[in-house]
Amino acid sequence: MKNPGKMLFEVLNHLFKKPATVNYPFDGSKMPKGFRGKILFHPEKCIGCQLCVRDCPSNAIKIIKIADKQFEAQIDLGKCIYCGQCVDSCLKKAIEITSDFELAQLDPTKLKITVKGEPPTTPPPNQPNNA
Amino acid sequence: MLLDLFYILVFPGFLFLSAFALWAEYFDRLVYARLQNRVGPPWFQPTADFIKLVAKADLVPTAANPTFFRLAPIIALTAVCTAFIYIPLWSTSSLFSFNGDIIVILYLLTIPTLCFFIGGWYSTSLYCRIGAVRTVTQLFAYEIPLFMGLLAPALLANSWSITEIMQFYIDHPWFWAFNLIGLIVSLIALHGKLEKAPFDIPEAETEIVAGGFTEYSGRLLAFLRMTLDIEMIVGASLLAAIFLPFGLQSGPVVGFLVYLVKVLLIVFLFSIARTIFARMRIDQMIAFCWQYVVPLAMVQLLINLILKGIIIR
Amino acid sequence: MSGPEDFKIPLGPQHPALKEPESFSIALKGEKILGVDIRLGYNHRGIEKACESKSYLQAVYLIERICGICSHTHSTCFVQGVEELAGLQVPKRATYIRMIIGELERVHSHLLWLGVAGHEIGFDTLLMYSWRDREVVMDILAMVTGNRVNYGINAIGGVRRDISQEQIKDILAALKTLRERTLYYIEIASKETTIIERLSGVGILLPADAIKLNAVGPTARASGVDIDIRRDDPYAAYSEVEFKVITDNHNDVYGRTVVRMKELLESYNIIEQALAKLPEGPIAVRAPRKVPAGEVLSRYEAPRGEDLHYIKANGTEFPERVKVRAPTLANVQAVKKMLEDRYLADLPIVVAAIDPCFSCTDRLIEVKDLDQGETKILDWQKLQQLSIKYNQQRGLDFTAAGKRLQRLMEK
Amino acid sequence: MTSEEAIVTELTNKFHVLDGKTQVRRPRRIFSEVAYADFRPILDFAKDKLGFNYLNMITGLDEGDNLALYYHLSKNNAITLNIKTFVTKNNPVVKTVTDVFPSADVAERELVDLLGFKVEGLAAGSRYPLTDDWPVGEFPLRKDWKMKGEV
């Protein structure tokens, strides 16, 4: 019943197999469709309802009014937990999830990003009717 | 005189030995990784590790005895390097050969183990002390089968000199086959000496961090690791010389290549053993050695005695 | 020279055998363990307190981060409790999806455990193989839920993502590979001499002791205690699938290994059944923000045992009290018992055998200002400068290499 | 009569203080409330006579003037009996239950650390889960305790 070295043949087989390790930065950095990575903000769709701010579990997003019907988002990627709740909460689909996960930074200030819309002179293309 | 110095320091002495030892560590790690379906380190990894360690500061714990703590790695390294010059590599003669050299080599190979004990014990850290005690406990388990296994061919050749043992093999070419049990016994015992899994009890990472080596850093740790690497080569060369007498008369170049193959084969066997077993407990290891390995060694001695009594004479 | 008698050695808070910080202080006589003191709490992050200032919706994500390995466990347990309080009828399809993810999580957790157990007994090959195979289930989880851990699939009132037909195909294909591998590991675990020698007879917990010490999960089941919340107090869709509760009579670490490996096979069965009869329909109902006052006890069979959440609502958006009892807390008491008269070498595997998850156990960011005084904090750049200076003093200059690294980072 | 109701009947027959204070809220969940003075006999009865052999968890609650305790027991892993009891905040002294449920040890230490209960008869040992240098008299789970500093 007992058998010392039971794994011998299995390990010897692996001598002739390709290693399972992925050569990370060069290949295998693709994430499946729908992976929850960095969020993408579309300022032209935002109506400033602040629902995302209210639901964010880690206070990572701020929506600031910069002009009439013009909003910018301040996203702190260091605080963001990539749960995607803001995407679910947004009524106008102004926030979208991307599968970008390579966000490591040496400089912590680069983790805070601000997404601004077009300058106020051009009207937002997707004007909401019943905001 | 100058040539002797070249032999000792450069080839096949210290420099060659160090380079070969580091490369053998790479080979061992590569095979280990491939068997585990991993990529493994690049070829310069052990060398880079060595350089990195040498460049780092040596820290001596305040509670440790600085003299023994510093001396232990250096003596260990010296002992294994000294042992190497008495081992014949690709011909029947070594650099310095005399009757009884096989005994001297075996004792020189015991010194590192004792140094690991002394270094670990005088580190005074609790993990080190447990590791040190385990090192010595383990020594009592593998040392006797190792001696019995390695001295069995000497019994056959009726000489305590490796050169003469090899000469005996040239005269009786097929006698190595009778010593296969001794080879297996010596391989297991040497594996225990090198403290590799499943016999890595003295440095069992998940229990006592790094055992006797826990407090070592910088150059001293580099020496300790180098000692283990060189010990592996010296041990493998010794086994190759005593149990695998092939290519002894084929000239230096072919002989040297055959020698490399023999050593790497032994290292390869070690890598496989490291891959397919779980670490034993110290009590299991001692029971294993005394219940299985020592009786095997005795069988080998008995075979050789019978051979000597009946066939040769 | 005095002998190494009556050592008291520290294992942790930082130790190679422990993947998380907990402290074991072990009194030793030679190699024998005389007594063990366990100090928990190094991972206390104040999650229970933090829940009181988060809305139910936010709390789901916070609760999910109690633990990485059993994130679905905690979020499901919490969400079930809130749904019961709010009187929500969760759609059938959602309960099935929760169950499928829950079982996939169990597979991932047990395979992880197998690797850790291998490492603790010095068998790294098993670690490498089982963690490689674990990638299969991790990929499936990433594909279905959008992340490898902290799946974020639970919402109050249902689940956030649906499972598509292609995904079902991928899951079934993955299960085929996993089942093959699991059978192989069962064979290894029951044949390889060194593994059996290291595992059997180690960490004995007799059935009577298991009940007395209230052990849960595989730890209890390996001592012959036939308990499993999935069967005894069914939640999600467990009352609609057939499965066996695996028990074993070895009472030792070997038994716990066997139980976990066989549970893997049961999990594959459950997932296959669930995928075969996945009902059509919506995946979530709308949940109110305010939850009516009340209290509820929610139970869930985590990979490690029974997970309990007590939730008290006060009619506002925020919970009044959330109490979490992770399975490890129940089992850690049994560890002392298991270690009686064992050797130091057995300690890592005995501790690992309950599959401890100390971040679950401790829960509760330490946020209080404790007048730290002047702690000298070196930032990364200062540390780098110090090390460059040190090496230059010793005649080594890595400036060129450093510049190359800088260029690489900037790319 | 379901087995839950049978348990309730048996409890109320033996302890009249539980009349009207014990109810089955859903299958397998019995909730009950009792003053601390009457609590211990009920716990012993539940363990010895009713077969509630698992103490799953002890929850501590801050209810203003009172500190409440929930003892969550379970029988055959299915039916849970949740007994609530309370002591005043000024004098939050309870007796340990480690004599019948050894596993209550950690749970009681947690009550001491996080809610400021005083548990009589708890064996000496390390604290849990707060750090050893945690200030005396600070109990994070009490409602009047506020976080200082930034999260």
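Convention: sequence-line order gives letters A, B, ...; per-chain numbering from 1.
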Residues at least two apart in sequence or cross-chain that pass salt bridge (Lys or Arg N to Asp or Glu O under 4.0 Å) with E96(A), listed by chain then number, are none

Distance (rounded to the nearest 0.5 Å) between [X] [atom1] and [Y] [atom2]:
X	Y	atom1	atom2	answer
F35(A)	N147(C)	CZ	CG	4.5 Å
I81(A)	L62(C)	CD1	CG	8.0 Å
M7(A)	T125(C)	CE	OG1	6.0 Å

Are the side chain of [X] and the backbone N or O of [Y] linked by a donor-acceptor pair below 3.5 Å?
X	Y	answer
R132(C)	T21(A)	no
R36(A)	T145(C)	yes
Q85(A)	L57(C)	no
Q58(C)	C56(A)	yes

Are any of the side-chain heavy atoms of [X] and [Y] separated by less than 4.5 Å?
X	Y	value
H14(A)	M128(C)	no
V11(A)	Y129(C)	yes
R289(C)	D55(A)	yes

Which region of Q167(C), side chain (C-beta onward) or backbone (N, CA, C, O), has a non-hydrogen atom less than 4.5 Å from a non-hydrogen atom of chain A, or is it both or neither? neither

Side chain, backbone, both or neither of F123(C) within contact of chain A (heavy atoms, under 4.5 Å):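 Side chain of F123(C) only, per the 4.5 Å heavy-atom cut-off to chain A.
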
Is E166(C) salt-bridged to K33(A), going by a charged N under 4.0 Å from an acidic O? no

So, K191(C) and E10(A), do they make that salt bridge, N to O below 4.0 Å?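 Looking at K191(C) and E10(A), the cut-off is not met.
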
Within a radius of less than 6.0 Å around NZ of K17(A), do more than 12 heavy atoms belonging to other residues, nucleotides or ligands occur?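 Enclosed: over 12 neighbouring heavy atoms sit under 6.0 Å from NZ of K17(A).
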
Tell me, which pairs form a salt bridge (Lys or Arg N to Asp or Glu O under 4.0 Å) where one or both residues lie in residues 53-69 of chain C, sequence neighbours left out? none

Checking heavy atoms, do the side chain of P57(A), its backbone, both or neither come under 4.5 Å from chain C?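 The answer is both parts of P57(A).
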
